[in-house]
Amino acid sequence: SEKSLRGGININTKDAKISLDKGDVSVSRTGSGVNIQVASGEASISTGEEDSNLLPGEMVSVADGKTVTKKGTLIPLSPAHNSAVVTFGSRAPVNLSWQSDLTGDVRVEVSQSSTFIPLTGSYRTNSTVLNLNLPPGYYFWRIVKDNTVSRHAVFSVLKDQKPEPP
């Protein structure tokens, strides 16, 4: 990879040039080409035949100079990033929800580590909502479908004391 003049990164493969100014992108080699997936920010793909921009959640496969865009959106919605859920008990109901245009089962991963190692839980569902009961702590969560992984979101479960009646 080479550094671009604007402070971004350029990656050159046999079939494409990928440019990223800010954000996260994953690049993986397939049998005859390369897959590029944008987790955040925006990436530009140039193949010589066409140029395209990818937004978060989009993936493109490039083989033999031809581009096939796959729009696989997995976007965490709730709890919102950096939000808190307050409980007066030892556990709190937490309702995870997300946006997806992918069909079939997804896996929701929850961890107390940004690396998702170890996982606090991994839940398979074909819905866009998952209800959990979690103890107080700091949590990361994301949605996974095949090779598509959403950006992660962070929330906290906080324990508070119930106020005394007057």
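From a predicted model like this one, the values you see are computed outputs, not experimental measurements. The basis for the numbers below is simple: all heavy atoms, side chains too, and nothing from hydrogens, waters or symmetry mates.
In terms of heavy-atom proximity, Leu134 sits nearest to Val157 at O-CG1, 3.8 Å. Closest of all the heavy-atom pairs between Ala153 and Pro76 is CB-CB, 4.0 Å.
Residues Pro163 and Phe88 meet the side-chain proximity criterion, which asks for heavy atoms closer than 4.5 Å. When side chains are defined from C-beta on, Val85 does not count as touching Leu158, because their heavy atoms never get closer than 4.5 Å. At least one side-chain heavy atom of Leu96 sits less than 4.5 Å from a side-chain heavy atom of Phe155. Considering only heavy atoms from C-beta on, Pro79 comes within 4.5 Å of Trp141 through its side chain. A heavy-atom distance below 4.5 Å is found between the side chains of Lys17 and Asn10. No side-chain heavy atom of Leu20 sits under 4.5 Å from any side-chain heavy atom of Glu42. Residues Phe116 and His152 are in side-chain contact: their nearest non-hydrogen atoms beyond the backbone lie under 4.5 Å apart. At a threshold of 4.5 Å between non-hydrogen side-chain atoms, the residues Val106 and Trp98 count as touching.
A donor-acceptor contact closer than 3.5 angstrom is absent between the side chains of Ser127 and Thr125.
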key: Steps toward side-chain contact (heavy atoms from CB on, under 4.5 Å) verdict (Thr120, Tyr139)   = CA-CA 9 Å; Thr120 303; Tyr139 294 94; 4.3 Å; yes
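Considering OG of Ser113 and CG of Leu119, their distance stands at 9.5 Å, rounded to 0.5 Å. Interatomic distance, Gln112 CD to Ile117 CD1, rounded to the nearest 0.5 Å: 15.0 Å. Note that CG of Asn53 is 8.5 Å distant from CD1 of Ile45, once rounded to the nearest 0.5 Å.
Judged purely by atom type and a 3.5 angstrom limit, Ser78 has no side-chain atom pairing as donor or acceptor with the backbone of Ala80. A donor-acceptor contact shorter than 3.5 Å is absent between the side chain of Thr128 and the backbone of Ser97. Of the possible polar contacts, none joining the Arg142 side chain to the Ser150 backbone as a donor-acceptor pair under 3.5 Å is found. With hydrogens and angles disregarded, a donor-acceptor distance shorter than 3.5 Å links the side chain of Lys145 to the backbone of Asp105.
No continuous path of hydrophobic side-chain contacts links Val86 to Leu132 [ILVMFWY only; heavy atoms under 4.5 Å]. Hydrophobic clustering of Ile, Leu, Val, Met, Phe, Trp and Tyr side chains at less than 4.5 Å, counting indirect connections, keeps Val108 apart from Phe140.
The side-chain hydrogen bond (donor to acceptor under 3.5 Å, both in side chains) contacts involving residues 154-166 comprise nothing, where partners must be two or more places apart or lie in separate chains.
With a 6.0 Å cutoff to the six-membered ring centre and a 45° limit on the axis angle, Arg107 does not count as a cation-pi contact of Tyr123.
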